4 protein chains.
Amino acid sequence: MNHVILIGRLTRDPELRYTPNGVAVANFTLAVDRPFSNQEGAREADFIPVVVWQKLAETCANHLHKGRLVAVDGRLQIRSYETQDGQRRRVAEVVAANVQFLDRAGEARRTTPTGDAGSDASDDLGGDDFGEINLDDLPF
Amino acid sequence: MNHVILIGRLTRDPELRYTPNGVAVANFTLAVDRPFSNQEGAREADFIPVVVWQKLAETCANHLHKGRLVAVDGRLQIRSYETQDGQRRRVAEVVAANVQFLDRAGEARRTTPTGDAGSDASDDLGGDDFGEINLDDLPF
Amino acid sequence: MNHVILIGRLTRDPELRYTPNGVAVANFTLAVDRPFSNQEGAREADFIPVVVWQKLAETCANHLHKGRLVAVDGRLQIRSYETQDGQRRRVAEVVAANVQFLDRAGEARRTTPTGDAGSDASDDLGGDDFGEINLDDLPF
Amino acid sequence: MNHVILIGRLTRDPELRYTPNGVAVANFTLAVDRPFSNQEGAREADFIPVVVWQKLAETCANHLHKGRLVAVDGRLQIRSYETQDGQRRRVAEVVAANVQFLDRAGEARRTTPTGDAGSDASDDLGGDDFGEINLDDLPF
DNA sequence: TTTT
DNA sequence: TTTT
């Protein structure tokens, strides 16, 4: 069992790429407020990397932008890689199974001058919910 | 909202330390099986760092050992620190609010020759459950 | 382990009462969309009873109203009671540990003509988050 | 969003049935310990109905028995039905997407004299995990 | 109705 | 590096 559930805001627009096999993958970071204040009385946040695959990746890239509030559920994955000088480094990220919009498209600040979340008819949200993917079907 | 729920086995005995203010903190890593197999048909695992505070830290240090199966719930925290050569590095860890034993003490392989989980009377487990701490009371 | 996490909208204003010992308790029902459509292609919802205790109950009663979108986390409780004709009946409800506002107060339809969520200074939300209570402190 | 995560013990063996369309469905109840003690100092439990569909239903029926410890994740569903005298009644149950074994088959008390969880080769557990189903594929 |  |  490995479940992560987050509510937070995107710190930047999602980045959409494709694997050599043509599988869509999108990355973004969520700013998630901590449940307490620090010694200076300020509310800090955790900046949590999220990765999304397949159709959900394209839907996120089409509709999500910096500042949007979303709920993400998925699993916590630790990827291990080697740096150029041979050091082992780990990176943690949440592999999202589901992403749910929590504010209306018009409210978030738009950062891409040419994009238009409203006019894209290539995927139908069916409400605020991006639908769910089966984690077992993921290409990795 | 920031919730993480894991079931996995400790890769090593917990490490117990104390902050300068005398607050107990324990660290261990959980091996959590992934829900699918890789291309070679092998079941991989994520190795997820867990940190536990206060009385729960001491209870974990007293009763948990390498190989024990536990359920952890908490929140995902991203800590940022600087290396000696001035690089910014990030580390993700699960701050546990609750840890639940899922196998009997006798089943797990013991790694510390002198330790004795059974004879420590300083904390009473009241069953398999370590109890719950309030994340808002944590000293950080 | 018993964790429930919901995102949904209040079907009515919360009802606030007090136990004989003076402990505040609020009840409301959340409409939570199901992740799929039924045979007619319509999206149904589950109507899930939520109970909130102590200060969190008063904060919910002061600030939540019919139609508001919230995230709730807590545990699933099955209460058993006897009807007047001696039948045993069960009721399930989510005992909330935390409630998080997910839309601004002005957006939701107001149903109480005299209430004013904005002018109540008796509790400070400190943002959108009601804070967290310790389930172990609950009076039942 | 609607997520439930439970760890508890089966109060009875699962009941396996088939819908008119031949879809397998299994029911069982989990006893989930509450995180606190009542006024008499006793630890109570919630008795939570769980429903499992399709292949996972048959796997549960084949391998789970009264007393087994499992972790369940799924969603909370409120079904509404009418009694013979025309009253509207609600029943809550957790629709499981995943069920994970948390103790070995040999440890739990067996209640069915002829059953043999070990000799059934019709489904391979691949460890302790029943695999995951996609809630969107469910036949209801 | 209930599990350990 | 970061969101409101």
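None of these values were measured; they are calculated from a predicted model. To find a chain, count down the sequence lines: A is the first, B the second, and so on, and within it residues start at 1.
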Checklist line | Set of residues satisfying side chain to side chain contact (heavy atoms under 4.5 Å, CB included) with respect to A:Thr83, sequence neighbours excluded | finding: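 A:Tyr81, A:Asp85, A:Gln87, A:Arg89.
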Next item on the list: Just jot down the side chain to side chain contact (heavy atoms under 4.5 Å, CB included) partners of D:Ala24, sequence neighbours excluded, or say none.
Entry: D:Leu16, D:Tyr18, D:Ala57, D:Glu58
Rounded to whole Å, how long is the line connecting atom [atom1] of [X] with atom [atom2] of [N]?
X       : N     : atom1 : atom2 : result
A:Asp33 : F:dT2 : CG    : P     : 15 Å
A:Arg68 : F:dT4 : CZ    : C1'   : 13 Å
A:Asp46 : F:dT2 : CG    : P     : 14 Å
A:Arg43 : F:dT4 : CZ    : P     : 16 Å
D:Glu44 : E:dT4 : CD    : C1'   : 16 Å
B:Met1  : F:dT4 : CE    : P     : 21 Å
A:Leu6  : F:dT2 : CG    : P     : 20 Å
A:Leu64 : F:dT2 : CG    : C1'   : 16 Å

Notebook entry, point to check: Would A:Phe47 pass as stacked on F:dT2, i.e. its ring centre under 5.5 Å from the base's six-membered ring centre and planes under 30° apart?
Noted result: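 Check passed, A:Phe47 stacks on base of F:dT2.
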Would you mind telling me which of [options] lies closest to the side-chain atoms of [X]?
X       : options             : answer
C:Arg88 : E:dT3, F:dT4, E:dT1 : E:dT1
D:Arg9  : F:dT3, E:dT3, F:dT2 : E:dT3
A:Lys66 : F:dT2, E:dT3, F:dT3 : F:dT3

Check: Quick one: is F:dT3 close enough that its OP1 or OP2 comes under 4.0 Å of any side-chain N or O from A:Arg12?
Finding: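 For F:dT3, neither OP1 nor OP2 has a side-chain N or O of A:Arg12 closer than 4.0 Å.
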Next item on the list: Kindly say if C:Arg90 contacts the phosphate of E:dT1, meaning a side-chain N or O under 4.0 Å from OP1 or OP2.
Entry: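 Result: yes.
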Next item on the list: With the side chain counted from C-beta on, respond yes when D:Arg34 and D:Asp46 share a heavy-atom pair under 4.5 Å apart, and no when they do not.
Entry: yes
Next item on the list: Taking atom types as modelled, find out whether D:Ser80 and D:Arg88 have a side-chain donor-acceptor pair closer than 3.5 angstrom.
Entry: yes
Next item on the list: Pick out which of D:Leu6, D:Thr59, D:Val72, D:Asp73 makes a side chain to side chain contact (heavy atoms under 4.5 Å, CB included) with D:Val99.
Entry: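 Considering D:Leu6, D:Thr59, D:Val72, D:Asp73, a side chain to side chain contact (heavy atoms under 4.5 Å, CB included) with D:Val99 is found only for D:Val72.
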